[in-house]
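One structure is given here, and the rest of the page talks about it.
Note that the coordinates shown come from a computational prediction; the quantities given were computed from them, not determined experimentally. Just so it is clear: chains get the letters A, B, ... in the order the sequence lines come, proteins before strands, and each one is counted from 1.
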Amino acid sequence: MSAPPLGVLVVGGAGGVGRGSHLPAISSLPQVRLVGVADVDEQALDAVRREYGCATYTDLDAALTRDDVHIVDICSPDFAHAEQAMAAARLGKHVLCEKPLALSIEDALAMRQAFREAGVKAMVAQVMRFQPRWRSLRQAIAEGKIGRPALARYVLRGAFYSYPAGSFYRRPESLGQIVHNGMHYFDTVSWLVGARPVWVSAEGLEHYPGDDRLPGPNYWTIQVGFENGALGHLEANLAITQPRGCRQEIGCLVVGTEGTLASEGAEAALVERWDGGYSWPSSWPPTGSAEGFAAEIAHFARAVAEDTEPEVSMDWSVRILEACLACLQSAREGRRVELTTPEPD
Amino acid sequence: MATRVQGLPETAGVGVVGVGVRGQHSYEVWLAPRPDCRIVAVAQQPDPSTVMLEGKDPVGCAREWAARFGAEFMDDWRELVARPDVHLISLMADPLTAPLVTEEVARAGKPMIRDKYLAADLDGARQAVQACEAASVEMLVTYNVRYLPAVQHLLAELRGGTIGRPLTASFVYLVSGGPLAGFRATAEYARRVGGGELTCFGVYALDVVLEVFGAPPERVSASQGALFYDDYAEAGLEDLSQVTLRFADGALAHVLTGRTTTRPHPDCYFHLDVMGERGTLRALGPEPRHRCFAGETAALPWQGSWGVTAMVDDFLSCLRSGRPSPIPARRGYEVLQIVKAAYLSAREGRAVGLAEADSAGF
């Protein structure tokens, strides 16, 4: 007899990430059950209730106290992550938290401590590593197809995300795109290399041709060093605004001692291995598709059900967040910034 | 006082100073088949290094090289430079020695083709620039990558205003397949050349980036490593580098370059993106993705000569028509200054201004 599905409460679930990605993913999985959605937007909650038939809450505390909530999936704006995640942990709920983990390293460390003290599972929703494209790259590396990875490059090209007027992400305290989305870039490239970043050196550029703009640079070029000696380069180019509407591209290059992996272009869903070897097609779900999110949520639910450690550890994610925050410091001070967050005692 | 050789005769006599064991960067190889050039004489460089020659006899190498072209071997390189039937010098001496030869050639008033390393250090590079400029002698520093059709197309689109002012450039230029057979990086090689693969290979990319932005950067941030080859690590040389350049107008460029995996397919990874105020240009190559587009894709040939033929054509055309060299000694100095700033930046973990490289004793 299979175990009953784990109950999931999605916090901030009536927003774009929740409705666009997490709720459809949860609804597609037999091992979890959507128990409720909490949000501050009553109108959006009405729509969620109609679509999913679940309970909705504007009072988070009331939602968190439900006994049938096992997993709290946090999709709220970045500034709320730390407080909501720690509140859930204190009530013994397992926490899946959208990136970024927090907006300061102090908050991230406090979250890590709260999860440890509560004895709950916690994971940052690094969805990219659950997508087939990236998993196939990782698998090729793990199988030794290119030898020891020594260089990894991740590149994103497109226009910046034009958030609605009044959005938190248009305010300076959001810390800009490199913090909001940077954990994806850093997590992916570090995961492919198989090591934590140990320093970053970053430069940024602002290119907003019109009045529509976000705080801080929309172009970043970032050098990274990893603890295994490998080097990395992240290029987050969200400044391609002319013409507006150009397609977004995400590319990756990993060079190992015995070969090279390259995956380029939004439409050519192809992974190439250059060592006299072969290329293989890799399925490539469109941005925001539920496929990667479903795999991610299923993985976390399995970790909870089987009492195993989630693939993305909290120690790892604290370091990944530190790398994102360090980009701001590096660009400001014109120097390499060493990453120093310690392992837990 | 130097007497500048104005133009070239119908058939230019070429003198070669410095013979190595590789030949691939010996531009007399590209000059010899031309109907307007003839290799007249070959001499070994002063103070040749048997390490650089991988244990071979320096004089023997030069004799063999002369015989290959049906040219005269000469014991004295200064006499070769002074010969009246030598109108153009192919200067292939190692970078440490090249400035000395550059001065002599400039004093003789003869144009020269200089391998990509202008000098091993900035003092030598300044010496070379000063010699050429004081004598009004034209030098071609052989950064041939800018002559690749895809790069030429990209530069033409850029200069034509297609994408407006360039804001960012990202150039990944990695060679694979390992060093040439028989090569081993050593401390003596490091002393003679002045650096590893950024010096040897990355300079091509840096030259293209300078063409894109039209001015030297204000500051440079770099990281490097010997991640692929043990002999590079033992010799204190880098096989991989990345360099971020910040320009005075705020524009940014990043160059990722080096000699990587020993596996040879394809033999290089070449990906150049330039984003401007109004669009993006991209040059990819080599085969099968040799294309460049700015709104539309243009399939362009990937020259087997890596642009060397076009570069030599251009230089000889300049000499014959009295135009300045497309890649003068000063450009070689500017590129080397970035290279040295990158070494300083990588060592100290901070952004470095170009003037700092000058004063850091590189």
Side-chain angles (χ1 to χ4, degrees), chain A residues 146-151 153 155 157 199-207 209 217 219-226 228-235 237 239-243 246 249 251 253 255-260 262 264-265 268 272-277 330-331 333-338, chain B residues 163-165 167-170 172 174 176 219 221-229 233 238-247 249-256 258 260-269 271 273 275-280 282 284 289 295 345-346 348-353:
Chain A
I146 61 166
R148 171 179 53 80
L151 167 67
R153 172 175 142 87
V155 57
R157 296 186 189 89
W199 59 259
V200 300
S201 175
E203 292 266 20
L205 175 146
E206 294 184 29
H207 175 56
Y219 180 90
W220 286 94
T221 182
I222 303 162
Q223 301 181 26
V224 193
F226 297 96
N228 63 358
L231 289 176
H233 177 235
L234 310 180
E235 182 183 5
N237 184 352
I240 302 177
T241 56
Q242 302 291 336
C246 68
E249 292 180 325
L253 176 73
V255 184
T257 50
E258 294 172 35
T260 302
E264 295 174 337
E272 293 176 283
R273 180 162 69 89
W274 294 331
D275 61 351
S330 174
E333 298 178 359
R335 67 178 181 87
R336 183 181 298 172
V337 174
E338 307 290 334
Chain B
I163 63 166
R165 182 173 67 91
L167 299 171
T168 70
S170 179
V172 184
L174 302 169
S176 59
R219 68 184 194 196
S221 305
S223 53
Q224 300 177 324
L227 300 177
F228 295 92
Y229 298 101
E238 82 290 351
D239 53 24
L240 185 71
S241 296
Q242 52 179 332
V243 186
T244 303
L245 302 94
R246 167 75 82 172
F247 294 86
D249 65 355
L252 285 170
H254 180 268
V255 170
L256 177 58
T260 60
T261 173
T262 55
R263 296 300 180 94
H265 180 71
D267 62 359
C268 92
Y269 184 90
H271 194 136
D273 262 306
M275 181 187 72
E277 291 170 315
R278 295 194 301 273
T280 301
R282 178 175 300 171
L284 304 173
R289 298 173 303 145
S345 171
E348 300 195 351
R350 63 180 179 85
V352 165

Please assess A/Thr221 against B/Thr168 for the test side-chain contact (heavy atoms from CB on, under 4.5 Å), listing each intermediate value before the final yes or no.
CA-CA 9 Å; A/Thr221 182; B/Thr168 70; over 6 Å; no
From A/Arg153 atom CZ to B/His271 atom NE2, the distance as rounded to the nearest 0.5 Å
6.5 Å
One should read off an interatomic distance between A/Leu151 CG and B/Gln242 CD, to the nearest 0.5 angstrom, of 7.5 Å
When you measure from the side chain of A/Arg336 to the backbone of B/Glu348, do you find a donor-acceptor pair of N or O atoms at a distance under 3.5 Å?
no
Which heavy-atom pair separates A/Tyr219 from B/Ala169 by the least distance, and what is that distance?
OH-O, 4.4 Å
A/His233 versus B/Ser170, closest heavy-atom pair with distance
CE1-OG, 4.4 Å
Chain A contacts, top residue of B/Ala253, B/Ser345, B/Ser221 (heavy-atom pairs, under 4.5 Å)
B/Ser221
Search all heavy atoms of B/Ser223 against all heavy atoms of A/Gln223 and return the closest pair with its distance.
OG-OE1, 2.7 Å
Cut-off 4.5 Å, heavy atoms of chain B, and the answer for A/Glu203 is both
In Å and rounded to the nearest 0.5 Å, what is the CE to CD distance from B/Met275 to A/Glu235?
8.5 Å
How long is the span from the OH atom in B/Tyr269 to the OG1 atom in A/Thr260, to the nearest 0.5 Å?
9.5 Å
Taking all heavy atoms of B/Leu167 and all of A/Leu205, pick out the closest pair and write down the distance.
O-CD1, 3.5 Å
If you look at every heavy atom in A/Gly256 and B/Phe228, which pair is closest and at what distance?
O-CE2, 3.5 Å
Where does B/Val172 contact chain A at under 4.5 Å (heavy atoms): side chain, backbone, both or neither?
side chain
Of the backbone (N, CA, C, O) and the side chain (C-beta and beyond), which part of B/Leu256 lies under 4.5 Å from a heavy atom of chain A, both, or neither?
side chain
What part of A/Val224 is in contact with chain B, defined as an atom under 4.5 angstrom from a non-hydrogen atom: side chain, backbone, both or neither?
backbone
Measure across B/Arg246 and A/Gly204 and return the closest heavy-atom pair with its distance rounded to 0.1 Å.
NH2-O, 2.7 Å
Stepwise, does the side-chain contact (heavy atoms from CB on, under 4.5 Å) test hold for A/Leu253 with B/Leu174?
CA-CA 11 Å; A/Leu253 176 73; B/Leu174 302 169; 4.0 Å; yes
If you count heavy-atom pairs within less than 4.5 Å of chain B, which of A/Ala230, A/Gly225, A/Gly232 leads?
A/Gly232
